[in-house]
Structure formats: C-alpha cells, structure tokens
Amino acid sequence: MKNNVVKNKSFDFAIRIVKLYQYLNNDKKEFILSKQLLRSGTSVGAMIREAEHAESKSDFIHKFAIAQKEANETVYWLELLKATDYLNEKEFENINNDAISILKLITSILKTSKNHLEAKKVSKLN
C-alpha cells in the first residue's frame with residue numbers, strides 16, 4: 001500500500017490537537033478557544049480522509065480546499081492562544097510549525113490537482 005504522507009501527517013497532527021485541547025482544558029482551564037482549535041484541527045485530517053474516496057476530481061479538490069481552510073483556521077487559533085498567553089513560545093512554535101507544514105502540503109496538492117484538472121479540460125477541447 002502506498003504511503004500517504006498528508007494522510008499520516010494530518011492524523012498525527014489531530015492527535016496532537018486533541019492532547020493540546022486536553023492540556024488547555026485541564027491545566028489552563030480554557031474552554032472556548034480550545035474547543036474551536038479542536039474542531040478545526042481535527043477536521044483537517046477528516047477532510048483528507050473524505051477526499052480519499054471522492055466521487056470525482058472536482059470533489060477531491062473541493063474536499064482538499066475545505067481541509068486547507070480548516071488548517072488555516074487552526075493556525076489562527078494557535079496564534080490567538082499564544083497571543084493570549086495560553087501557549088508559551090516553545091509550545092506554540094512546535095505545533096504551529098506542524099500546522100504550517102500541513103497547510104503547505106495541502107496547498108501544493110491542491111495546486112497540482114487543479115492544474116491536472118485544467119489540463120484535462122483543455123485536452124478534451126483540442
């Protein structure tokens with residue numbers, strides 16, 4: 001079976017998000033921002049999983065576009081948690097780097113997929 005890097009990274013990232021959510025709830029007594037982070041951070045991998053069984057290339061692109069939005073939103077919540085001192089610099093940098101890495105990977109896959117879809121449309125016209 002082919003190793004799916006984005007699938008594996010997004011799953012590992014979701015685990016880290018769940019653990020960060022637990023830390024924020026239990027140790028920092030933060031319940032609102034952490035819930036938003038949990039929702040968006042775990043949604044990234046869920047959308048990538050959905051894309052695995054997309055009905056078409058357009059559906060695949062749509063699901064990856066949602067994953068991209070969720071990853072970007074997750075970066076926002078991480079930045080806000082750092083700016084409000086719920087996360088220190090070290091805690092923030094570590095998980096934020098992972099979020100940015102996944103966001104870049106998703107963006108690259110999206111660009112490639114859109115280019116392939118467009119090329120396919122052009123070739124059908126010729």
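- The side-chain heavy atoms of Lys114 and Lys111, taken from C-beta on, include no pair separated by under 4.5 Å.
- Within the structure, the side chain to side chain donor-acceptor pair (under 3.5 Å) test picks out the following pairs touching residues 72-85 (sequence neighbours left out): Arg39-Glu73, Ser40-Thr74, Glu73-Trp77, Lys82-Glu89.
- Residues Ser34 and Asn25 approach most closely at OG-ND2, 3.0 Å, considering heavy atoms.
- Using a 4.5 Å heavy-atom cutoff, the side chains of Leu24 and Leu33 are not in contact.
- Between Leu81 atom CG and Gln36 atom CD the span is 10.5 Å, to the nearest 0.5 Å.
- In terms of heavy atoms, Tyr86 sits closest to Tyr23 at O-CE2, 4.4 Å.
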Evaluation steps, side chain to side chain contact (heavy atoms under 4.5 Å, CB included), between Leu20 and Glu91: CA-CA 9 Å; Leu20 178 55; Glu91 292 165 336; over 6 Å; no

Verdict with supporting geometry, Lys121 and Leu117, side chain to side chain contact (heavy atoms under 4.5 Å, CB included): CA-CA 6 Å; Lys121 287 179 184 177; Leu117 186 62; 4.1 Å; yes

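- Tracing side-chain contacts under 4.5 Å through hydrophobic residues (I, L, V, M, F, W, Y), one never reaches Leu80 starting from Leu103; they form parts of separate clusters.
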Derivation and outcome, side chain to side chain contact (heavy atoms under 4.5 Å, CB included), residues Val44 and Ile106: CA-CA 10 Å; Val44 175; Ile106 291 169; 3.8 Å; yes

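- With values rounded to the nearest 0.5 angstrom, Glu70 atom CD is found 11.0 Å from Ile48 atom CD1.
- For the pair Leu110 and Gln68, the tightest heavy-atom approach, listed with the atom from each and the gap, is CD1-OE1, 3.3 Å.
- Between the CD1 atom of Ile109 and the CD1 atom of Ile61 there is a distance of 12.0 Å, given to the nearest 0.5 Å.
- Here the closest non-hydrogen pair linking Gly45 and Ser10 is CA-OG, 3.4 Å.
- Judged as a salt bridge (Lys or Arg N to Asp or Glu O under 4.0 Å), not a single pair has a partner in residues 18-28 (not counting sequence neighbours).
- The structure places CG of Asn96 at 11.0 Å from OG of Ser101, a figure rounded to the nearest 0.5 Å.
- Val6 and Ile17 fall within the same hydrophobic cluster, defined by Ile, Leu, Val, Met, Phe, Trp and Tyr side-chain heavy atoms under 4.5 Å apart, directly or through other members.
- One distance of note links CG of Asn8 with CG of Asn3; it measures 5.0 Å at 0.5 Å rounding.
- Using a 4.5 Å cut-off between side-chain heavy atoms of Ile, Leu, Val, Met, Phe, Trp and Tyr, Phe11 falls into a hydrophobic cluster with Ile15.
- The salt bridge (Lys or Arg N to Asp or Glu O under 4.0 Å) analysis of residues 54-68, with sequence neighbours excluded, yields the pairs Glu50-Lys63, Asp59-Lys63.
- Legend: salt bridge (Lys or Arg N to Asp or Glu O under 4.0 Å) pairs involving residues 96-107, not counting sequence neighbours, sorted by first then second residue: Arg16-Asp98.
- Under the ring-ring contact (aromatic ring centres under 6.0 Å, His included) criterion, the residue pairs touching residues 26-69 are Phe60-Phe64, with sequence neighbours excluded.
- Phe92 is listed as a side-chain neighbour of Leu78, based on a closest heavy-atom distance under 4.5 Å.
- With rounding to the nearest 0.5 Å, the separation of CD1 in Ile95 from CD1 in Ile100 is 12.0 Å.
- Met47 and Leu38 fall into different hydrophobic clusters, where Ile, Leu, Val, Met, Phe, Trp and Tyr side chains are chained together by heavy-atom contacts under 4.5 Å.
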